Amino acid sequence: MTGKNKNLEKLLFAATGGEAVDLTRRAIIVGGASLLATTLFGCRATNQRGANNRNVGVDGRDYAAQPPTGAAREIFLEARETEIEIAPGKVVRAWTYDGKLPGTEIRVREGERVRIALKNNLPEETTIHWHGLFQRGTNNMDGVPGVTQQPIQPGATFVYDFRAEPAGSFLYHPHFGLQIERGLVGTFIIEPKRETVSYDREYTLMIDDWLDGSPDEAFEKLRRGEMQGMKMDETSAMSEQPAINSEGASGGGKTGANSPPMQMEEGADVAYRTFLINGKPPENPAEFLVKSGERVRFRIINPSGSTVYRFAVAGHKLTVTHADGFAVQPVETDALEIAPGERYDVFVTATNAGAWTIAAMSADEPQRGARAVLRYADTAAQNPSVKDLPKELNGRLLNYAQLVALEADNFPNNAPERLIDLTLGGQMMPYVWTINGKTYPAEPLEIRAGERVRLRMKNASLMRHPMHLHGHSFRVLNGSNAPPFKDTAIVEPNGSLEVDFLADNPGDWAFHCHHAYHLEAGMMRLVKYV
Ligand code: C2O
Ligand code: CU
């Protein structure tokens with residue numbers, strides 16, 4: 001990353017053919033003239049600041065935040081088409097950041113100002129969304145085309161300029177059509193000013209579903225009602241019989257005993273060729289080296305188009321310390337489920353020498369999934385067989401009810417001033433996914449600064465929906481006295497979920513299902529401060 005940063009100004013200068021660029025005004029630097037969003041997000045820009053006093057809260061407080069000033073960390077990213085050999089002899093065509101799958105990791109300090117220049121060398125327009133970052137005072141850096149910015153034209157460069165907050169494990173990806181399905185994703189780690197956990201080593205695990213071919217065509221097939229048959233890549237089908245059942249799951253809420261049996265849900269709606277951990281398929285697994293006795297932190301990130309995974313490490317327990325970047329009281333488990341847009345930080349203590357399977361199996365097709373290897377440096381053991389699934393997958397399964405926030409609680413204790421009822425609907429045929437019966441664009445969900453807002457979600461469909469809110473973290477009301485903060489939360493089929501957030505960040509923010517095809521089919525609304 002740093003090697004590429006050379007001189008941002010110079011690069012930008014070149015990108016615009018020598019015209020001076022006013023970075024402080026975060027100008028959109030374009031090669032062409034007219035800017036038209038061509039996707040579903042193609043509504044007119046609605047981000048007109050200062051039209052009213054929406055920064056002044058119901059409590060009389062001024063919620064206006066200042067855009068960042070002062071010295072910035074400069075980062076340069078290039079989005080481009082690339083051929084990548086994901087396993088010996090197996091070359092795929094991907095769209096990437098900096099030619100890598102996943103893209104360049106961004107790692108900065110909490111509160112640091114970052115200026116990230118994105119050069120768009122894709123054949124299409126694009127944007128980047130910094131998933132989970134607050135963007136206080138910089139709603140226009142949130143990367144939602146047609147809402148917070150115009151799309152970045154092919155050949156053009158755009159400079160994102162914002163403060164890195166909060167601390168935690170995040171990701172960045174386009175917010176443009178189905179581009180996230182082509183490999184455009186990277187991790188974004190914000191190291192806290194004060195670390196609350198100690199560890200000897202850390203790794204980031206990006207678990208991604210890999211489609212061979214065009215996601216736009218896959219979407220068209222779904223639209224036409226052509227169910228995509230299983231296109232099974234031998235290597236990513238690891239065992240013949242389903243590895244997952246709901247036995248041994250504790251508690252209610254997210255999954256386990258209270259959730260409907262798997263077979264009642266509809267299967268995966270997209271046929272993936274394989275599943276990748278850090279860009280590598282099961283037959284060429286990423287290896288994570290540890291030494292006996294070490295405490296290892298894994299940052300697990302799911303940028304997948306549609307796959308929910310069940311995750312476990314053979315021979316080891318997991319201690320969950322962060323959900324979507326936010327610290328929780330450490331909770332021990334054997335397995336966890338992670339949906340698109342979610343992140344978990346888990347600790348593994350290396351006290352069982354050998355070479356062990358790290359598995360992330362599709363919750364819809366439990367015999368398929370991603371795999372990596374946890375390898376102790378002091379062992380000569382062979383890699384475990386591809387067909388060997390950790391028995392921990394069927395052990396204790398984390399659920400939201402077990403998550404308790406660790407951070408000092410400055411969340412208002414009052415009842416919500418604003419209650420918003422949301423019914424999540426839709427089905428495979430016709431392939432339409434809705435919020436309160438409507439596809440995006442539809443009227444925004446209006447809130448006022450200073451309010452405690454409650455989203456009361458009911459899932460009236462047969463698929464899971466990982467619902468994600470931009471610009472805020474919400475509390476998942478799970479019955480605990482200190483409900484955990486998250487920014488993405490699964491609403492189970494025929495289930496319901498309530499989340500509360502403090503409206504402390506005026507702007508226009510996307511709220512949507514993080515299943516890329518549900519989003520593309522319309523499952524989004526804007527949350528708008530009025
Ligand atoms: Cu990662 Cu609008 O989302
Ligand atoms: Cu969905």
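We count ligands from 1, going down the list as the structure has it; atoms in each ligand are counted the same way. What you see is a predicted model, and the numbers here were worked out from it, not measured in a lab.
- Judged by distance alone, the side chain of Asp209 and the main-chain N or O of Thr307 form a donor-acceptor pair under 3.5 Å.
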Dump the intermediate steps for side chain to side chain contact (heavy atoms under 4.5 Å, CB included) on Tyr97 and Leu118, then the final yes or no. CA-CA 9 Å; Tyr97 295 115; Leu118 170 67; 4.2 Å; yes
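- Glu342 and Thr488 form no side-chain donor-acceptor contact under 3.5 Å, judged by distance and modelled atom types alone.
- Here 3 is the count of protein N, O or S atoms positioned under 2.8 Å from atom 1 (Cu) of ligand 1, waters not counted.
- Here Glu74 pairs with Arg115 in a salt bridge; the nearest charged N to carboxylate O distance falls below 4.0 Å.
- Here the side chain of His465 pairs no donor or acceptor atom with the backbone of Met467 at under 3.5 angstrom.
- Using cut-offs of 30° and 60° on the angle between ring planes, the pair His129 and His470 is parallel.
- Using cut-offs of 30° and 60° for the angle between ring planes, the His518 and Tyr431 rings count as tilted.
- For Ser362 and Tyr272, the side-chain atoms include no donor-acceptor pair closer than 3.5 Å.
- If you look at the Cu ion (ligand 2), the protein N, O or S atoms less than 2.8 Å from it are His465 ND1, Cys513 SG, His518 ND1.
- Using cut-offs of 30° and 60° for the angle between ring planes, the Phe188 and Tyr172 rings count as perpendicular.
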